[in-house]
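All figures in this text were calculated on a predicted structure; none of them were measured in a lab. Note on naming: letters A, B, ... go to the chains in the order of the sequence lines (proteins, then strands), and numbering restarts at 1 for each one.
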Amino acid sequence: MKKAYNPKAIEAKWQKEWEKSGVYRQYARKEKYYVLDMFPYPSGAGLHVGHPRGYIATDVVARFKQLSGYGVLHPMGWDAFGLPAEQFALKNKIHPEVSVKKNIATFKKQLRNIGFTYDWEREINTTDPAYYKWTQWIFLRLWKKGLVYESHDPINWCPSCKTGLANEDLDNGRCERCESVVEKRPLRQWVLRMTRYADRLLRDLDTQKLEWAESIKEQQRNWIGRSEGAEVIFYIADTEEEIRVYTTRIDTIFSGTYVIVAPEHPLVAKLLNFQFPTRLPDGQVSNFQNKNEVKQYIAAAKKKTDLERTDLNREKTGVELKGISVINPATMEKIPVWVADFVLGQYGTGAVFADAHDRRDFDMAKKYGIPLKVSIRPAGDEGLWDKVERLEECFEGEGTLVHSAQFDGLTSAEARPKIIDWLAKQGLAKKKVNYKMRDWTFSRQRYWGEPIPLIHCDPPAGGCGVVAVLEKDLPVKLPQVKSYQPTDSGESPLADIAKWVNVKCPKCKGSAKRETNTMPQWAGSCWYYLRFIDPQNTKALVDRKQEKKMMPVDVYVGGTEHATRHLLYARFWHKFLYDIKAVSEKEPFKRLVNQGLIMAADGRKMSKRWGNVVNPDDMIAEFGADAFRVYEMFMGPFTQSIAWNTDGVVGTRRFLEKVWRLQSKLITNNEQRTKENKSLESLLHKTIKKVTEDIEEFKFNTAISAMMILVNQLEKEKEVSSILYSRFLILLSPFAPHIAEELWRSLGEKKSIFLAKWPKWNPKLLVSETANVAVQINGKLRAVLVVETGSDEETVKTMAFANPKVMAHIEGKEIRKVIYVRDKILNIVAV
RNA sequence: GGGCGAGUGGUGGAAUGGUAGACACGUUGGACUCAAAAUCCAAUGCUGGCAACAGCAUGAGAGUUCAAGUCUCUCCUCGCCCACCA
């Protein structure tokens with residue numbers, strides 16, 4: 001009898017051996033396969049059992065692809081810049097650099113225990129100057145192409161994190177990290193012109209045939225938020241001033257009875273500042289009557305947070321600009337102008353025209369007694385039209401135009417292009433595409449990030465302005481500081497370090513100052529997948545030849561939480577790199593798979609706070625890494641959220657024990673014997689097919705259940721041929737690599753199982769000799785017949801009618817119809 | 001309000017329109033053992049019945065079909081994402 005299964009001993013042994021021999025580094029192979037995890041932020045808490053789910057899946061795929069003959073790139077690294085690392089460091093009074101190093105060591109040790117194929121020679125760390133040199137390099141290229149600009153517009157400011165945030169960092173008006181309500185704060189900041197790529201980011205989701213979950217693509221589409229409409233000019237009566245309005249419903253223009261502008265709209269400020277050129281014959285400068293009221297309203301709106309302003313349940317408020325009117329370009333009527341804070345300054349033109357066909361406009365008009373008109377008649381439903389016409393109900397849908405001059409009778413869709421054309425000819429409107437997506441607010445007023453490689457040369461006498469750091473001077477390293485506490489002033493803590501801040505201007509050599517803002521957390525992860533291909537390169541961010549060979553990433557695995565940030569930012573940068581010919585593909589990630597979250601046994605998220613965290617180290621100590629891996633893949637569909645259940649690991653450990661015990665049934669290599677047992681041979685081939693196809697589709701749970709079925713059968717056999725057993729071990733090896741390698745070697749194999757060839761199934765052997773045909777009478781199962789595979793209808797019918805159970809159910813009935821599906825079912829319709 | 005998913009035993013979950021509940025956990029009974037653990041064998045959707053068997057069953061209701069967890073429609077519930085975007 002062989003010795004008992006002892007995962008502890010064999011797992012450590014093989015992990016060492018694999019790493020020493022570099023068995024996974026088969027990069028010379030002709031066909032490549034790049035399988036990538038979303039690299040983690042190394043938190044101080046270490047891994048819980050939820051984290052490795054995705055890593056185990058990519059490891060299964062990586063091993064499977066290597067066995068299938070590919071040269072597999074499967075790297076790992078650390079995304080260690082950003083607020084979480086800094087806050088952890090602040091709280092624990094350790095410099096981020098030190099704590100990050102320590103956390104990485106913990107993570108790495110934990111990951112190693114699970115037995116991954118990661119090529120640690122390619123490990124990267126976004127906080128390493130040798131890495132962020134290239135993050136800064138890309139920034140400079142963006143700068144040179146005019147895709148970086150300085151802005152002083154109010155931005156989202158988190159009072160607790162003390163930094164500006166991008167739109168993508170907000171969750172319902174709150175800071176995504178600390179849940180503080182975000183304020184608007186005017187702050188100097190650097191912004192990336194991501195909107196210039198909006199259209200390509202949208203289109204390439206489809207044109208580049210990305211194999212991503214439809215839900216993620218849809219989230220990106222919604223985020224980009226493209227809409228087609230028109231920009232329409234409303235002249236301010238008796239002046240040459242105009243208000244531009246964006247609309248997707250120009251078919252309703254004839255019912256536009258007022259215009260609403262956002263409190264931030266520059267024109268309002270202009271009107272308030274007496275810069276209102278009129279041409280009134282009596283020489284009056286302005287007829288704006290209620291300036292104070294308007295000023296108060298705007299001041300109040302500014303105080304509100306976005307959370308308050310966008311509260312849907314809030315009643316609409318607004319103030320009329322009394323004495324000001326604009327001209328509806330379609331009707332040429334004078335209509336009033338209102339300011340209301342539900343109109344957003346940043347979207348479209350910051351102004352809209354209002355009518356009875358929009359719920360918000362309708363409600364506001366009713367509240368303030370503003371006149372309304374209708375111009376769209378809903379199809380059918382006379383009762384509805386009655387109410388709409390009497391302004392009792394708001395109709396927001398499309399319909400037929402009425403009270404719209406020459407456009408009467410057209411449908412909304414027909415009317416839109418015609419109205420735009422008509423107005424365009426008079427210079428009053430043009431087609432316009434709008435996006436919800438904003439440019440990317442790229443500066444953070446914090447310490448722990450990549451320094452932005454710009455220099456301000458503006459001495460009182462006048463200087464060069466903002467100047468880029470020379471490429472040869474990269475990286476701009478983060479200086480060592482004593483205090484990296486964020487400030488309330490909107491200044492980065494870096495601003496206090498005179499030694500670092502004061503530099504010579506690269507252009508005029510005069511004294512200048514460094515930019516002290518740092519890049520956001522997401523910068524480093526925008527291109528890391530490229531660096532893995534060529535991590536030591538000092539001449540370029542990646543060697544073009546190698547990039548061409550390895551890209552795109554064939555399969556990318558990670559959580560859905562990155563749908564509109566990392567995945568959008570990375571695609572944006574990648575497209576830019578494509579434009580400057582630094583990479584050869586338009587899209588970086590060909591296939592994207594999102595793992596479901598692993599929840600705690602109590603159904604909540606695993607968190608220290610709830611005390612429900614399960615540590616993988618404990619699971620491995622108790623059950624072994626292989627049982628742990630197999631359980632994580634077996635517990636449920638990969639993309640679905642699921643609660644952890646330690647009892648389940650018992651089951652996969654038992655399965656591996658069974659596999660181990662099969663050794664006692666082994667008979668020496670005897671192909672003949674294997675072939676004699678036809679049903680077993682057939683089962684093996686079915687298993688090969690199932691496991692192969694399921695791994696490709698990330699259906700690991702059913703792949704494992706297929707292997708369990710095979711093992712349960714093998715257990716029943718008196719003897720098991722070692723040929724069959726060794727093939728099974730290859731199937732098992734991606735999931736449970738250590739035990740598979742151990743058993744493989746004990747068969748006398750000299751080379752690693754991971755240098756073996758993945759078995760192929762023979763379609764001829766999939767067919768068993770007999771088939772079970774279910775006999776239904778009126779759709780109800782009454783008997784199951786065992787027939788020779790491929791039997792014809794007559795044979796099966798004869799057998800069925802001879803069956804006593806069948807006879808009992810059709811006795812005295814008329815047979816109306818018989819349906820036969822070969823080797824599957826015979827349905828008798830009898831009345 | 002909009003979009004995307006999902007509702008199947010005690011539990012996690014299987015099921016190209018063709019035997020619903022594979023595989024696993026748990027539970028119950030048995031074998032082995034002085035005993036326990038481990039292991040093995042058997043049973044395990046619900047209802048009735050000693051049993052053979054019958055009936056009912058995939059969130060609810062209708063429809064298509066010889067046949068529906070699967071397709072169509074209506075509704076309910078839950079989850080996730082977005083949301084005053086004009």
Legend entry - Side-chain ion pair, D169(A) and R565(A), N-O less than 4.0 Å: yes
Legend entry - Nearest to side-chain heavy atoms of A774(A), which nucleotide of rC40(B), rG3(B), rU19(B): rU19(B)
Polar atom pairs (N or O), protein with nucleotides 23-26 of chain B, under 3.5 Å:
from	atom 1	to	atom 2	distance (Å)
rA24(B)	OP1	N712(A)	ND2	3.0
rC25(B)	OP1	R654(A)	NH1	2.6
rG26(B)	OP2	R654(A)	NH1	3.4

Inset, instruction - Ignoring backbone atoms, establish whether Y435(A) has a side-chain N or O less than 4.0 Å from OP1 or OP2 of rC85(B). - result: no
Inset, instruction - Quick one: label R438(A) by what it contacts on the DNA or RNA (base, sugar-phosphate, nothing), any heavy atom closer than 4.0 Å. - result: nothing
Inset, instruction - Would you mind classifying the nucleic acid contact of N701(A) as base, sugar-phosphate or nothing, using non-hydrogen atoms under 4.0 angstrom? - result: sugar-phosphate
Legend entry - Heavy-atom closest contact (I260(A) atom, A340(A) atom, distance): CG2-CB, 3.5 Å
Legend entry - Spacing between Q640(A) atom CD and rG12(B) atom C1', to the nearest angstrom: 10 Å
Inset, instruction - Select base, sugar-phosphate, or nothing to describe what V773(A) touches, counting heavy atoms under 4.0 Å on all strands. - result: nothing
Inset, instruction - Would you please confirm or rule out a distance under 4.0 Å between OP1 or OP2 of rC85(B) and any side-chain N or O of R226(A)? - result: no
Inset, instruction - Between rC71(B) and rC4(B), how far apart are the P atoms? Round to whole Å, please. - result: 16 Å
Legend entry - Heavy-atom neighbours of E769(A) CD exceed 12 at 6.0 Å: no
Inset, instruction - Figure out the CG/C1' separation between N222(A) and rG3(B), and round it to whole Å. - result: 6 Å
Inset, instruction - Would you mind telling me which of rC85(B), rU19(B), rC66(B) lies closest to the side-chain atoms of K817(A)? - result: rC66(B)
Inset, instruction - Measure distances between side-chain N and O atoms of K436(A) and base N and O atoms of rC82(B), and say whether any donor-acceptor pair falls under 3.5 Å. - result: no
Inset, instruction - Looking at every strand, decide which applies to E396(A) at a 4.0 Å heavy-atom threshold: base, sugar-phosphate, or nothing. - result: nothing
Legend entry - Torsion-based syn/anti label for rG9(B), 90° from 0 as limit: syn
Inset, instruction - Report the distance from atom NZ of K780(A) to atom C1' of rC53(B), rounded to the nearest whole Å. - result: 13 Å
Legend entry - Test item: side-chain donor near acceptor, Y435(A) and D199(A), under 3.5 Å: yes
Inset, instruction - Give a yes or no on whether a salt bridge exists between K303(A) and D341(A), defined as a side-chain N under 4.0 angstrom from a carboxylate O. - result: no
Legend entry - D694(A) CG - rG13(B) C1' separation (whole Å): 14 Å
Inset, instruction - Find which nucleotide of RNA chain B each of H809(A) and K690(A) is nearest to by heavy atoms, and output the residue with the more 5' nucleotide. - result: K690(A)
Inset, instruction - Answer yes or no: does a side-chain N or O of K805(A) lie under 4.0 Å from OP1 or OP2 of rC53(B)? - result: yes
Inset, instruction - Could you check which of rA14(B), rC84(B), rU39(B) has an atom nearest any side-chain atom of K316(A)? - result: rC84(B)
Inset, instruction - Heavy atoms only: give me the nearest P734(A)-L731(A) pair and the separation to one decimal. - result: CD-O, 3.2 Å
Legend entry - Presence of H357(A) side-chain N/O under 4.0 Å of rA86(B) phosphate oxygens OP1/OP2: no
Legend entry - Counter-base of rA24(B), judged by Watson-Crick or G-U geometry with both distances under 3.5 Å: rU11(B)
Legend entry - Inter-residue atom distance M799(A).CE - E794(A).CD, 0.5 Å rounding: 13.5 Å
